[in-house]
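Right, one structure below, let's go through it.
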There are 2 protein chains.
Amino acid sequence: MALDRDETAERVLAIAEELIAEGGSANLKARTIADRAGIAVGSIYNLFGDLDQVHGRVNMRLLDSLGDAGMRAVMRMQTENITDTRLRLLELSRTYLEFVQANAQAWAALLAFNPRLIQKEAQEAYEKRLDTLLEIIGSVLALDQSLKLDDATRKLSARVLWSSVHGIVINRSTRRQKIRETEDVWLQIDHLVTTFLKGMDHR
Amino acid sequence: MALDRDETAERVLAIAEELIAEGGSANLKARTIADRAGIAVGSIYNLFGDLDQVHGRVNMRLLDSLGDAGMRAVMRMQTENITDTRLRLLELSRTYLEFVQANAQAWAALLAFNPRLIQKEAQEAYEKRLDTLLEIIGSVLALDQSLKLDDATRKLSARVLWSSVHGIVINRSTRRQKIRETEDVWLQIDHLVTTFLKGMDHR
């Protein structure tokens with residue numbers, strides 16, 4: 001029985017995910033996808049247009065999966081009654097760090113990916129996922145009434161925290177020593193979150 | 001008259017710099033270097049071992065050049081009697097941002113480069129350059145006696161600021177909109193530096 005269009009697209013994306021997880025975007029080849037899916041190369045182009053669209057879709061799933069991990073962390077903290085803003089931000093940072101470590105190749109490929117390559121209709125959906133991630137951080141800041149952040153400052157602070165933690169996490173790879181790498185990243189994240197939060201408290 | 005070994009090495013590096021600046025590390029090809037330098041491909045391998053060593057050397061020059069820009073900024077601020085720590089850190093951030101914008105391809109290639117590929121003897125020299133960059137930030141923090149930072153906290157803070165500004169600068173490329181991009185990056189850098197510094201002031 002032939003697969004329908006949706007099933008084939010789903011299969012292509014699942015294989016593309018595997019390929020990127022194995023060897024980054026250089027490993028994403030139409031020929032390999034077609035062979036593994038048991039379809040013609042042309043079917044991939046019929047379904048998605050080009051490989052950039054396939055990679056864009058894989059990235060969206062990856063962002064969804066990071067968003068889900070973030071949401072789960074927020075819910076876990078609610079259940080465990082963790083209300084301290086610093087601890088909440090550290091927990092979100094830890095979630096991000098673990099996610100990047102678990103999806104190293106795919107995440108590096110996402111960062112190297114140019115979202116401007118995505119078809120215009122899908123770009124909004126792509127950016128919406130990035131916004132969702134920022135909103136998770138923003139919601140933690142919003143819960144802390146003592147910070148008295150207006151809407152614009154809260155959004156700006158969420159973006160700064162996101163980019164800063166991101167910078168700390170990726171910078172580790174520019175160092176030769178792998179020893180105590182994660183502890184080292186943690187020391188920096190903790191110092192960033194603690195000091196930044198203290199600074200917001202004293203605006 | 002044949003070039004001597006040092007002159008040939010210098011010529012290879014100058015061409016490699018051009019190639020990376022034009023098209024990143026994918027553009028760094030032994031064949032192209034050899035053609036442009038008027039030497040045999042084998043000479044490149046004789047001189048450097050492999051292309052990773054060539055790229056490593058180009059990166060070191062790039063780090064030197066960023067270090068020089070940072071040093072010049074520090075001296076300029078001394079001449080202009082800029083003593084406010086926040087303004088000093090913002091000026092260093094601006095220097096970094098302008099450097100990354102002026103050397104976009106080469107800097108992206110440096111970030112994607114794995115320093116572990118460099119021959120062991122040269123790795124120390126590579127890391128020393130990264131340390132020099134951190135020391136420039138650290139020296140600005142050290143000049144501010146009111147912060148009362150011990151040595152370890154000052155070093156940690158310099159690394160966090162470096163990584164955070166870096167994260168903000170590179171994250172801009174994940175966004176579709178190019179409009180007001182630099183202003184947007186500035187808003188984030190200013191918020192980071194100002195808030196982080198306030199937090200250090202209130203430890």
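Because the structure is predicted, anything quoted here is derived from the model rather than measured. Lettering follows sequence order; numbering is per chain, from 1.
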Atom group of B:Thr194 that falls short of 4.5 Å from chain A, counting heavy atoms: neither

Chain A contact via B:Leu187 - which portion, at a heavy-atom distance below 4.5 Å: both

Partners passing side-chain hydrogen bond (donor to acceptor under 3.5 Å, both in side chains) against B:Asp144 (at least two apart in sequence or in another chain): B:Thr85, B:Ser146

A:Arg159 side-chain N/O to A:Lys155 backbone N/O, donor-acceptor pair under 3.5 Å: no

Closest heavy-atom pair and its distance - B:Phe196, A:Leu192: CE1-CA, 4.0 Å

Parallel, tilted or perpendicular: ring planes of B:Tyr96 versus B:Trp162, cut at 30 and 60 degrees: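 If you compare the ring of B:Tyr96 with that of B:Trp162, the planes turn out tilted.
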
Chain B interface, residue from A:Thr195, A:Asp201, A:Val165, A:Ile118 that has the most non-hydrogen pairs under 4.5 Å: A:Thr195

